[in-house]
There are 2 protein chains.
Amino acid sequence: MTVKELNQLLKEKGYKFTSQRQYVFEVVTENQGKHLNSQEIFELVRNRFPEIGVATVYRTLSLLEAMGLIYGVDFEDGFRRYDIVKDDEEHRHHHLICLECGAIKEVEEDLLGTIEENIMKKNKFKVINHRVKFYGYCEKCLAKIERDQRSLT
Amino acid sequence: MTVKELNQLLKEKGYKFTSQRQYVFEVVTENQGKHLNSQEIFELVRNRFPEIGVATVYRTLSLLEAMGLIYGVDFEDGFRRYDIVKDDEEHRHHHLICLECGAIKEVEEDLLGTIEENIMKKNKFKVINHRVKFYGYCEKCLAKIERDQRSLT
DNA sequence: CTATGTGCAAATGCTTTGCATAGGA
DNA sequence: TCCTATGCAAAGCATTTGCACATAG
């Protein structure tokens, strides 16, 4: 999504297009996949627009999330993190979280298609969406761990 | 797990057995499946042991979690919630979260056994554990929603 | 007796809010 | 011009921490 499209979309919904909103959106877009937290986004925006206040960043992130342009995740590290929603993704979007280094990688797959049906049948619960977090070790840390173990013997 | 076993386990690991730890453990145990938050646990313990302080509850919950006797979940509602770990469960434990009424139901299944292998192959990420949250509508709310829709036509 | 555990209150850290001013449309 | 958006500082709120005292072993 371009800044122009953001402008249009904001106006469509009756919101105003401001520099602050533009910069917050740009920063999140340019850092796709990094899952920046609110403070990080604040710092990066401030580089381009020093007058901005934290409150505006928080308010803008909420707005963009409500508009469906970005999404928030909570990796239970004390921060709310944001990333852009890619046009083609619906709910096929999950995270691999490395227990060693904290690296976060995205998985773009609809993992649970058939499983949702079973849930529906067994639990009488209509599944609308799901969020999966896999905890484990990324390639780098796994190699390191195996190396360390070898050197012990 | 009984209080007696808790006593033993604490001592094994070099911790002391105290009334505070006993009551916190009992409250979580007796409210299995309710996913109480720290404040709720604090209130319930205080009914039995009025001298207890919040800090002790927080410290005890962390300790019990580290010992693997309880687990914490974050439903992104601002509270950390706790429930007991049943003996037979490893990582076969997920949640159905109703978008309408907020009800939380547990699912006791290892949903992703085969999927983990694919993740491993495709992403070079060794999965140790996973946590799945399904968002949707529970039986009651689903019925209500359908009723409301019918009455509109 | 000694080290760990506890209660209290203060501190922390992220996020939200109130309010006067700025600035889109 | 009018109403939404912003910046600032203060407030909120769950959780953590420092410290003197209590207590399990």
Between B:T18 and B:R80, which has a closest nucleotide on DNA chain D that is more 5'?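 Whichever sits nearer the 5' end wins; that is B:R80.
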A:D83 versus A:K34, closest heavy-atom pair with distance: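 Between these two residues, the closest heavy atoms are OD2-N, 3.2 Å.
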For residues B:R80 and B:E65, report the shortest heavy-atom separation together with the two atoms involved.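 Nearest heavy atoms, B:R80 then B:E65: NH2-OE2, 3.2 Å.
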Which nucleotide, [options], lies nearest any side-chain atom of [X]?
X     : options               : value
B:Q39 : C:dC14, C:dT6, D:dA14 : D:dA14
B:K16 : C:dT4, C:dT6, C:dA25  : C:dT4
B:T60 : C:dT6, C:dG5, D:dT6   : C:dT6
B:Y15 : D:dG25, C:dT15, C:dG5 : C:dG5

Quick one: do B:F79 and B:L36 end up in the same hydrophobic cluster if we chain Ile, Leu, Val, Met, Phe, Trp and Tyr together by side-chain heavy atoms under 4.5 Å apart?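 Each belongs to a different hydrophobic cluster.
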Applying a strict under-4.5 Å side-chain criterion to I, L, V, M, F, W and Y, I'd like to know whether B:V28 and B:F49 cluster together.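 Shared cluster, yes.
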Could you list by number each residue of residues 25-32 of chain A showing a heavy-atom separation from DNA chain C of less than 4.0 Å, or answer none if no residue does?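 Per residue number, the list is empty: none.
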It should be established whether A:Y58 places a side-chain nitrogen or oxygen under 4.0 Å from OP1 or OP2 of nucleotide C:dT15.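 Checking C:dT15 against A:Y58, a side-chain N or O does come within under 4.0 Å of OP1 or OP2.
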Would you say A:S38 reaches C:dT15's phosphate, i.e. side-chain N/O to OP1/OP2 under 4.0 Å?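 Checking C:dT15 against A:S38, a side-chain N or O does come within under 4.0 Å of OP1 or OP2.
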Value rounded to 0.5 Å, distance of CG in B:L63 from CZ in B:R59: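 Between atom CG of B:L63 and atom CZ of B:R59 there are 11.5 Å.
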Atom-to-atom span, [atom1] of [X] to [atom2] of [N] - whole angstrom:
X     : N      : atom1 : atom2 : answer
A:K11 : C:dA25 : NZ    : C1'   : 8 Å
A:F17 : C:dA25 : CZ    : P     : 8 Å
A:Y23 : D:dA5  : OH    : P     : 19 Å
A:R21 : C:dA25 : CZ    : P     : 10 Å
B:Q20 : D:dT23 : CD    : C1'   : 10 Å
A:D77 : D:dT16 : CG    : P     : 14 Å
A:D74 : C:dG13 : CG    : C1'   : 14 Å
B:K13 : C:dG5  : NZ    : C1'   : 18 Å

Does B:E26 pair with B:R48 as a salt bridge, N-O distance under 4.0 Å?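 Looking at B:E26 and B:R48, the cut-off is met.
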Any base atoms under 4.0 Å from A:F49, or only sugar-phosphate, or nothing? Heavy atoms, all strands.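 Counting heavy atoms under 4.0 Å across all strands, the contact made by A:F49 is with sugar-phosphate only.
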Base of C:dG7 paired with side chain of B:R59 (donor-acceptor, under 3.5 Å):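 Indeed there is one.
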A:F75 vs A:H35 aromatic rings, parallel, tilted or perpendicular, using cut-offs 30° and 60°?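 Correct class here is perpendicular.
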Need to verify one output field. Residue with the more 5' nearest nucleotide on DNA chain C, A:V54 or B:A55?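 So the residue in question is B:A55.
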Residue pairs passing the side-chain hydrogen bond (donor to acceptor under 3.5 Å, both in side chains) test where at least one lies in residues 4-14 of chain A, sequence neighbours excluded: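 Non-adjacent pairs meeting side-chain hydrogen bond (donor to acceptor under 3.5 Å, both in side chains): A:T2-A:E5, A:N7-A:K11.
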